[in-house]
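Everything below concerns the one structure shown next.
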2 protein chains.
Amino acid sequence: MTTSTYDEPAAAVAAAGRACDVAASADQQDVPWLTSDQLRAWVGLISVAELLPARLDSQLQRDADLTHFDYQVLAMLSEAPERTLRMTGLAQRTSATLPRLSHVVKRLEVRGLVERLPCPGDARATNAHLTDLGWDTLVRTAPGHVRTARELVIDVLTDEQVAQLEAITSALLTRLDPEDRLLRRNR
Amino acid sequence: MTTSTYDEPAAAVAAAGRACDVAASADQQDVPWLTSDQLRAWVGLISVAELLPARLDSQLQRDADLTHFDYQVLAMLSEAPERTLRMTGLAQRTSATLPRLSHVVKRLEVRGLVERLPCPGDARATNAHLTDLGWDTLVRTAPGHVRTARELVIDVLTDEQVAQLEAITSALLTRLDPEDRLLRRNR
DNA sequence: CGGCATCAGTTGACACGTCAACCATTTCGA
DNA sequence: TCGAAATGGTTGACGTGTCAACTGATGCCG
């Protein structure tokens with residue numbers, strides 16, 4: 001049972017893995033457990049993935065009453081021709097489900113940051129359009145957001161690490177986003 | 001206004017940044033915008049931070065009706081002496097607020113995976129204890145979780161990249177988790 | 001044309017996290 | 001030793017995301 005007393009969260013996951021070696025040999029495929037190096041990287045990554053979005057949300061919430069997701073929606077629209085996108089396209093660019101996007105856009109519309117228009121070409125579709133107020137809000141909010149991005153990530157790393165991070169996330173996204181919905185690399 | 005048509009999400013954030021240069025020079029501090037390299041790394045990171053937790057949740061939900069956070073709670077308890085931790089300590093180890101943990105532990109207790117006991121030393125405190133059922137559940141669930149960790153992250157990267165990722169996340173956590181780990185409504 | 005499958009999007013019920021308020025216990029200073 | 005403040009934890013209301021069901025429009029194939 002190996003019940004030594006670990007202090008670090010990393011060890012907890014490891015212990016569960018070790019326990020599995022004992023119990024799971026029967027009906028589970030052999031899954032090689034992580035080395036201690038791999039384990040540290042894994043725990044680090046999931047910790048960052050847990051804490052970073054919360055920080056972004058709280059900064060944007062405080063400064064502009066926006067979710068990070070709200071911000072991304074506004075940002076995508078600000079880039080689009082006519083500042084307009086169909087709901088489906090917007091959902092893909094923000095990695096969101098359609099129901100989620102629908103709810104969010106509805107709230108943004110109530111606040112006057114976005115408006116919904118029927119799509120001329122296809123009566124089923126809806127176009128989301130960034131209003132002037134939405135644009136102004138985005139412009140006003142961007143600097144603080146960038147500052148946060150620098151404080152929490154960019155300025156903490158060396159240029160070399162930034163380059164490494166780009167390569168690593170790019171590799172991960174081939175698994176996490178196989179359909180390339182984020183349109184990061186449109187082949 | 002520079003309204004060229006960008007295809008990449010990365011550009012969207014950039015545009016907002018550029019716009020800010022125009023409008024915000026008056027009352028905002030000068031925030032140097034991100035270079036294209038930095039921008040790619042940033043967008044990659046927030047994409048991963050958005051997608052990875054969702055994947056972990058859905059795998060664990062499917063296989064064991066557990067949230068990734070539930071899993072982490074069980075894992076931390078499995079490591080602790082007597083498989084027992086006080087709520088506050090558990091909250092720190094899982095980067096959770098106390099209310100969140102309280103709700104989660106209540107649900108886990110209903111399912112019989114955890115039990116709550118008054119703390120002998122301090123009548124205010126509560127001890128959370130992993131039951132045998134909880135241990136078995138964790139043991140049964142771990143292999144699939146490890147497999148997912150490999151498929152989505154570890155096996156996608158070279159050994160060198162894993163090492164780089166460890167260094168990078170370690171650096172980021174000095175900012176994201178500067179000893180806070182709870183301290184919600186202080187002062 | 002008629003009928004069926006698919007697509008685009010919305011809605012509502014439910015689950016989870018957050019926040020503020022709250023209670024009980026403990027600590028500490030005067 | 002008494003009372004105020006701090007600690008440990010729980011609860012309930014509210015906002016947001018998810019899923020399943022639904023509406024309406026479009027496309028397809030006979």
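Convention: sequence-line order gives letters A, B, ...; per-chain numbering from 1.
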From OG1 (Thr94(B)) to CD (Gln92(B)), nearest 0.5 Å:
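The CD atom of Gln92(B) is 9.0 Å from OG1 of Thr94(B), to the nearest 0.5 Å.
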Send over the distance from Arg86(A) CZ to dT26(D) C1', rounded to a whole Å.
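In whole Å, dT26(D) C1' and Arg86(A) CZ are 11 Å from each other.
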What's the closest nucleotide to the side chain of [X] if the choices are [options]?
X	options	value
Thr97(B)	dG17(C), dT18(C), dA25(D)	dT18(C)
His103(B)	dG12(D), dG17(D), dT26(C)	dG12(D)
Lys106(A)	dG17(C), dT11(C), dG9(C)	dT11(C)
Asp122(A)	dT10(D), dT26(C), dA25(D)	dA25(D)
Ala123(B)	dT11(C), dG9(C), dT26(C)	dT26(C)

With a cut-off of less than 4.0 Å, is there a side-chain N or O of [X] near OP1 or OP2 of [N]?
X	N	answer
Arg124(A)	dA8(C)	no
Arg107(A)	dG17(D)	yes
Thr126(B)	dT10(D)	yes

Thr131(B) and Glu115(B) side chains, donor-acceptor separation under 3.5 Å:
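No, because no side-chain N or O of Glu115(B) sits under 3.5 Å from a partner of the opposite role on Thr131(B).
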Less than 4.5 Å apart, any side-chain heavy atom of Leu133(B) and any of Arg111(B)?
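Not touching, per the 4.5 Å side-chain cut-off.
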